[in-house]
Amino acid sequence: MDHANHARLSRDELTDAVLTGATIYGPDDDKIGTVAHVHGMGPDAQAVIDVGGFLGIGSKPVAVPVHDLDFMRDEGGSVHAVTHWTKDQLKDMPEHHH
């Protein structure tokens with residue numbers, strides 16, 4: 001997927017309502033997880049990403065700073081993000097507990 005033409009989200013759009021359900025792509029454009037929910041708003045927010053598993057079963061929630069994810073909209077309006085982390089790096093992070 002070529003993300004170059006996708007519109008980056010503004011700081012005001014970095015909210016739970018906008019980001020929940022967004023697909024996260026790793027450095028090789030592999031789908032590595034989805035945003036389960038967001039704590040806070042704007043650049044200091046934390047995104048909780050469900051990593052691994054299948055259809056939400058067996059996935060591990062990890063919290064990462066929103067500013068470490070490059071959130072954007074594709075041509076169809078779907079929100080997604082690109083990160084430098086790999087799925088294995090995210091899986092090695094401590095599990096996020098609600």
Side-chain angles (χ1 to χ4, degrees):
M1 182 181 298
D2 181 7
H3 302 283
N5 295 326
H6 296 168
R8 297 320 193 254
L9 298 188
S10 70
R11 289 175 59 152
D12 294 342
E13 293 179 291
L14 301 178
T15 65
D16 186 60
V18 173
L19 304 183
T20 295
T23 301
I24 308 298
Y25 293 96
D28 296 326
D29 225 24
D30 295 329
K31 180 179 173 182
I32 59 173
T34 55
V35 176
H37 58 273
V38 177
H39 294 291
M41 288 180 63
D44 296 327
Q46 293 275 313
V48 178
I49 301 172
D50 285 334
V51 182
F54 181 70
L55 299 177
I57 299 169
S59 60
K60 175 183 176 180
V62 297
V64 300
V66 165
H67 64 76
D68 283 350
L69 302 166
D70 187 8
F71 282 100
M72 61 196 85
R73 277 194 177 83
D74 66 16
E75 295 83 356
S78 295
V79 174
H80 60 286
V82 178
T83 184
H84 61 277
W85 287 314
T86 65
K87 184 182 280 191
D88 287 340
Q89 287 173 317
L90 288 178
K91 282 183 176 177
D92 287 343
M93 291 181 179
E95 184 168 348
H96 173 76
H97 297 282
H98 301 280

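Each residue takes its place number in the sequence, starting with 1. These figures come from a predicted structure and were not determined experimentally.
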Closest approach of [X] and [Y], non-hydrogen atoms and distance?
X     : Y     : result
Ala47 : Leu69 : CB-CD1, 3.9 Å
Trp85 : Pro27 : O-CD, 3.0 Å
Asp16 : Val38 : OD1-N, 2.7 Å
Ala45 : Gly40 : CB-C, 3.7 Å
His6  : Met72 : CB-SD, 3.6 Å
Ser59 : Gly52 : CB-O, 3.3 Å

Can you tell me how far the NE2 atom of His96 sits from the CD1 atom of Ile49, to the nearest 0.5 Å? 11.5 Å

Here the gap from Asp50 atom CG to Ile32 atom CD1, rounded to the nearest 0.5 Å, amounts to 12.0 Å

Establish whether Val18 and Tyr25 are linked, either directly or via other cluster members, by ILVMFWY side-chain heavy-atom contacts under 4.5 Å. no

If Ile, Leu, Val, Met, Phe, Trp and Tyr residues are connected whenever their side-chain heavy atoms lie under 4.5 Å apart, and connections chain through other members, are Val51 and Val79 in the same group? yes

Is the closest side-chain heavy-atom distance between [X] and [Y] below 4.5 Å?
X     : Y     : answer
His80 : Phe71 : no
Leu90 : Lys87 : no
Glu13 : Arg73 : yes

Tell me every residue that passes side-chain contact (heavy atoms from CB on, under 4.5 Å) with Arg11, counting only those two or more places apart in sequence or in another chain. Pro43

For Asp28 and Asp30, indicate whether the former's side chain and the latter's backbone hold a donor-acceptor pair under 3.5 Å. no

Checking Glu95, His97, His37, Met93 against Pro61 for side-chain contact (heavy atoms from CB on, under 4.5 Å), the one that qualifies is Glu95

Test side chain to side chain contact (heavy atoms under 4.5 Å, CB included) on Leu9 and Leu19; report intermediate values, then the result. CA-CA 10 Å; Leu9 298 188; Leu19 304 183; 3.6 Å; yes

Not counting sequence neighbours, which residues clear side-chain hydrogen bond (donor to acceptor under 3.5 Å, both in side chains) with Asp29? List them please. His3

